[in-house]
Amino acid sequence: MAIQTVFLLFSGLCAQFLTGYAATALSEYPSQALPLAGILNNKAATSAEGRGPVANFDGAGGAYDSQFLPTGSWEYDGLTFALPSSWDGNNDNVLANGQILRLQKPTFVHELHFLYAGDGTNVPVLSVFTLNFADNTSHQVNLYAKNWWVWANVNRAAIHHVHPYHFEKTKKNLNATNIFEWSTSVPSESPLESITFPPRATSNRMHVFGLSITPSTTDAGGGPALPWEDIGGVRAQAVEVTLANLLPGFTLSRNTSITTPHTIELVGSGMQTVSTGIINRLVPGDQARVDVFVTGSTANGSARVQIRDSSGSVIATSADFPTSPLVENYTPDQDSLSMHETPSWWNAAKYGIFIHWGVYSTPAFAPPTRYAEWYDWDIRQPPNASNPTWEHHLQTYGKHVIYDDFIPDFTASKFNASAWVDLFDRAGAKYFVLVTKHHDGFALFDTGDTTHRNSVQLGPKRDLVAELLQTAKTEKPDMHRGTYYSMPEWFNPDFAKYGFGQWPGNLAHNAFNVSPALEPYTGRLNISDYIEDLQLPQMIDLAVKYDTEIMWCDIGGPNKTLDFAATFYNHAMAQGRQVTINDRCGTLPDFDTPEYATFGSIQTARWESSEGMDPFSYGLNLATNASEYKNGTTIIQTLVDIVSKNGNFLLDIGPTAEGEIIAPMMNNLLDAGAWLDFAGDCVYDTQYWFPASEDPNPPTDTQSPRFTTTPTTFCIVAFSQPVGGKVTVNKRLPVIEGDEIVFLTPQGPSAPLNWTVDEKSGRLVINVPESEITTVDYAWPFQVQYKLD
Ligand SMILES: *[C@@H]1O[C@H](CO)[C@@H](O)[C@H](O)[C@H]1NC(C)=O
Ligand SMILES: *[C@@H]1O[C@H](CO)[C@@H](O)[C@H](O)[C@H]1NC(C)=O
Ligand SMILES: *[C@@H]1O[C@H](CO)[C@@H](O)[C@H](O)[C@H]1NC(C)=O
Ligand SMILES: *[C@@H]1O[C@H](CO)[C@@H](O)[C@H](O)[C@H]1NC(C)=O
Ligand SMILES: *[C@@H]1O[C@H](CO)[C@@H](O)[C@H](O)[C@H]1NC(C)=O
Ligand SMILES: *[C@@H]1O[C@H](CO)[C@@H](O)[C@H](O)[C@H]1NC(C)=O
Ligand SMILES: *[C@@H]1O[C@H](CO)[C@@H](O)[C@H](O)[C@H]1NC(C)=O
Ligand SMILES: *[C@@H]1O[C@H](CO)[C@@H](O)[C@H](O)[C@H]1NC(C)=O
Ligand SMILES: *[C@@H]1O[C@H](CO)[C@@H](O)[C@H](O)[C@H]1NC(C)=O
Ligand SMILES: *[C@@H]1O[C@H](CO)[C@@H](O)[C@H](O)[C@H]1NC(C)=O
Ligand SMILES: *[C@@H]1O[C@H](CO)[C@@H](O)[C@H](O)[C@H]1NC(C)=O
């Protein structure tokens, strides 16, 4: 069956199978470990529990188990790091404390790589490193540090324990414990002299285990310097090739850049490139990523990358790298499933609508800073103790109304699936994710004999998930369909044996101490195991019966996600579809999901931020004044900012219990959709620009314009209305004489605009008539169209 898929793939459909990712950096992309010996000041690892004060990574006596850590010169993803020759000796890492690490000699640097871990728990924390250059300029690097151990979710880590645990003072903590790798581009217009570490934090402190640089080269030999950075996905027929131009940034000119179409192909015994990658523009300091599609990739085979210039001559060939065959059938194990990646449709889509709709849409209330969909939990924290939700309930409904009494009022009486998907389409969204069951355990689909706590047996008596997904499939076939699913349930007694934290699983205690003290769990059926008999079958139904394309789990925790994922991927592959799962299913994520948060810098691992249109709620909160909702400006600027940093934006709305999307939410979605209608080329199917997501030194009173790229264009999206008929960007961009720059407006692209680049500083000034500027709201998109000689 997978073989058929292969042919499907190359028959002109734009489906791709990015089923694997096994990055291999090649010798042409050399990295150099930076020695940290002089500034090591913390001991992270030990070989035994009860080690006394010696190893104390987190300030509370915690430590890594040294038996799981590699030693000495260590290669990860083709990058070389210098780790301690033994973890049982002296200090082994740098606890950030404002140290300054000087390079042995000032060096033009293309990319900087970190091996690091934060010592707090769970949430990523911003650490700012400062790069100091020979020309006395400096540049700040924003590293969103993942902490060393993670609860519930699984991160991608460079070094993770085979037996995931770390030592606490007197016992083992069995949470997965990691060291992470992170890379960032470095401005290469001046040599790097030193790196200033972040100041010491009081919690969530930053530890660095290794640093490595990829130097630029000044030896261009009369053209761009073209090594390969890495090659991923060699298990699949889609192979991602990253090409870097290692010349330093200040040398940008036509003769140091790729400015004509170059094709990238793979060559190997028995292997055929069926779709080449094309690179039209690659300037010094930049990288380009292309997918090359091959057949005939075999286990134990080898291949190399070849680049042809526009006349068809091979101008460069990489070293050989090992290949592996296409995954034709996923099996429920880490090795097989970890080959899975986000599909290219998800990467290109950029913008989705999240829908929090359920029994909590009936009370539709939360005090500031609480989520309305947490009503059932908040009302009894703790039972019979006044809090704003408890007070609201008492005043609005009285103490005899319990949460399950809201079920009949969740009617969906005005729900029109056609109207919803039509709205999402006009809003410019390329996918949606519907909450199919939140922590209250009330499902919006037919949960068969796992439970009758659902909208088919109760409330609306309708299969709301089927209605929305089926309607989307038939009426908007290009719109992708996703399902949110809460892995645990707050008050399901069958979950009690797995309960943890805020998901104890015992019946809810009445919020007002009214008898009976324990509230019913309406619709519950007699099952023997929550995971086997409820969670897994429900998830599989969403995959197989409802054909979801995104499994967007929440909370993680106990799971059978390996079994689920194999079924999910194989079912979709058999139908020639590509699907994906997020990082909250308990294991093996395709993408990370920061919540009401975004990253301030490019993250090369796939990610998606979600936020409500409400400033602090996903479910409808009628206590919020609609004037506080995200509007055209905030939706578009949030989206473009996220896209410039390689993320997707999942914007949430909360319909009413009747199934209506209230006018202010609808209008704001449509405002953003109107902008995307004429400026979408700067958003959909773009890639981040490796050297920078935005202008680091915008003119005063101007917010930094954001950058996005496609193979033939480069976009500059200004976040404030240009004044005086011009836009200035204080950053050397991949713009070369002969390129045309147009302004995207509701009336269509403008005529080519006049522009100049100051040769010395690289500053770009674009002149744009005032009459054009005022036709655009929210954000001002300028598109550079490359001249291909
Ligand atoms: C950088 O600053 C130092 C000390 O202030 C000065 O001696 C040097 O000339 C400056 N270099 C440049 C390139 O401005
Ligand atoms: C998910 O299930 C796997 C396999 O049983 C287990 O190893 C993992 O710890 C679970 N994840 C969480 C977060 O509990
Ligand atoms: C994970 O860490 C938390 C906080 O230290 C702890 O309460 C919990 O028991 C740990 N989980 C496991 C499985 O050890
Ligand atoms: C590229 O061209 C510039 C003039 O435009 C020249 O100064 C420079 O030496 C050339 N560089 C190379 C590597 O040929
Ligand atoms: C590939 O190599 C492995 C280990 O050397 C061997 O077990 C396997 O049979 C080989 N596979 C093929 C297709 O040659
Ligand atoms: C549902 O919405 C669609 C699209 O807006 C509309 O054409 C249709 O008449 C609506 N159906 C009902 C029953 O209101
Ligand atoms: C619940 O709280 C109210 C007022 O806060 C108090 O009057 C009442 O006695 C409490 N009921 C119980 C059963 O604790
Ligand atoms: C639940 O099912 C078990 C086993 O199938 C059975 O022994 C038990 O009597 C059932 N309980 C109820 C309340 O139906
Ligand atoms: C909502 O905000 C608007 C604009 O700030 C204000 O005029 C209106 O009075 C507010 N309404 C409520 C109910 O607070
Ligand atoms: C949009 O929202 C932002 C942030 O709340 C606000 O500053 C701005 O004035 C709003 N724009 C309009 C047109 O209401
Ligand atoms: C561009 O510059 C030319 C000559 O300087 C001028 O004639 C023309 O009007 C300018 N065009 C725009 C769109 O500013």
Side-chain angles (χ1 to χ4, degrees), residues 354-415 434-444 453-455 457-462 464 484 486 489-492 502-503 507-514 516-523 554 596 612-626 628-629 652-665:
F354 208 178
I355 310 140
H356 271 65
W357 191 37
V359 174
Y360 44 83
S361 309
T362 301
F365 172 85
T369 81
R370 296 293 302 172
Y371 294 153
E373 66 277 15
W374 274 63
Y375 192 96
D376 191 17
W377 178 260
D378 283 355
I379 192 176
R380 52 190 108 247
Q381 292 310 316
N384 207 39
S386 172
N387 71 45
T389 305
W390 187 92
E391 290 287 352
H392 171 83
H393 190 94
L394 189 59
Q395 280 163 24
T396 315
Y397 306 101
K399 63 184 178 182
H400 294 287
V401 171
I402 62 169
Y403 185 77
D404 278 6
D405 291 336
F406 290 136
I407 293 174
D409 298 324
F410 174 60
T411 62
S413 56
K414 296 178 182 162
F415 170 54
L434 173 67
V435 171
T436 64
K437 182 195 81 172
H438 205 262
H439 313 327
D440 62 3
F442 188 90
L444 271 51
R453 192 173 175 78
N454 66 45
S455 66
Q457 258 87 17
L458 306 169
K461 306 269 173 61
R462 286 163 71 177
L464 304 172
Y484 164 108
S486 175
E489 293 175 17
W490 284 316
F491 304 122
N492 186 338
Q502 298 179 94
W503 297 271
L507 284 177
H509 191 98
N510 184 276
F512 301 93
N513 275 352
V514 168
L518 295 181
E519 295 187 8
Y521 204 64
T522 311
D554 200 2
Y596 268 97
M613 184 173 277
D614 184 292
F616 205 81
S617 183
Y618 290 93
L620 177 66
N621 182 1
L622 292 173
T624 303
N625 189 329
E628 292 176 50
Y629 288 167
D652 178 84
I653 53 168
T656 65
E658 291 76 35
E660 283 189 309
I661 296 164
I662 61 174
M665 287 203 187

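Note that the structure is a prediction, hence the values are computed from the model and not measured. Reckoned from all heavy atoms, side chains included, excluding hydrogens, waters and symmetry mates.
- In terms of the side chain to side chain donor-acceptor pair (under 3.5 Å) criterion, residue partners of R453 (sequence neighbours excluded) are, by chain and number, D404.
- Shown here for E373 and W490, the closest heavy-atom pair between the two residues is O-CH2, 3.5 Å.
- In this structure, L620 and P655 approach most closely via the heavy-atom pair CB-O, 3.8 Å.
- Pairing each heavy atom of L518 with each of L507, the nearest pair is CD2-O, 4.0 Å.
- In terms of heavy atoms, G612 sits closest to Y596 at N-OH, 3.0 Å.
- Interatomic distance, CD of E519 versus CG of N510, reported as 5.0 Å (0.5 Å rounding).
- With rounding to the nearest 0.5 Å, the separation of OG1 in T389 from CH2 in W377 is 13.0 Å.
- In this structure, the side chains of S455 and R462 stay at 4.5 Å or more apart for every pair of heavy atoms.
- Atom OG1 of T362 is separated from atom OH of Y403 by 7.5 Å, given to the nearest 0.5 angstrom.
- In this structure, the side chains of H439 and Q502 stay at 4.5 Å or more apart for every pair of heavy atoms.
- Atoms CG and CD1, from L464 and I355 in turn, are 11.0 Å apart once rounded to the nearest 0.5 Å.
- Remark: side-chain polar atoms of W357 are paired, donor with acceptor, to backbone N or O of T656 under 3.5 angstrom.
- Side-chain N or O atoms of D409 include none that pairs as donor or acceptor with a backbone N or O of A657 at under 3.5 Å.
- Judged purely by atom type and a 3.5 angstrom limit, Y371 has no side-chain atom pairing as donor or acceptor with the backbone of A366.
- No side-chain N or O of D440 forms a donor-acceptor pair with one of Y360 less than 3.5 Å apart.
- The CG atom of L458 sits 5.5 Å away from atom CD1 of I407, with the distance rounded to the nearest 0.5 Å.
- L444 is not listed as a side-chain neighbour of V435, based on a closest heavy-atom distance of 4.5 Å or more.
- The two atoms that bring H356 and S361 nearest to each other are O-OG, 4.2 Å, heavy atoms only.
- Distance check, rounded to the nearest 0.5 Å: CE of M665 to CG of D652 gives 7.5 Å.
- Residues forming a side chain to side chain donor-acceptor pair (under 3.5 Å) with Y484 (at least two apart in sequence, or on another chain): H438, D554.
- When each of F512, Y397, Y375, F365 is paired with W390, the ring pair (Phe, Tyr, Trp, His ring centres under 6.0 Å) condition holds for F512 and for no other.
- In this structure, a donor-acceptor pair under 3.5 Å is present between the side chains of T624 and D614.
- Between the side chain of K414 and the main chain of G659, no donor-acceptor pair closer than 3.5 Å is present.
- For the residue pair N454/Q457, the side-chain donor-acceptor check at 3.5 Å is satisfied.
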Exercise for the section: Give the C-alpha distance, both sets of side-chain angles, the deciding distance and a yes or no for ring-ring contact (aromatic ring centres under 6.0 Å, His included) between H393 and F406. Expected result: CA-CA 12 Å; H393 190 94; F406 290 136; 5.8 Å; yes

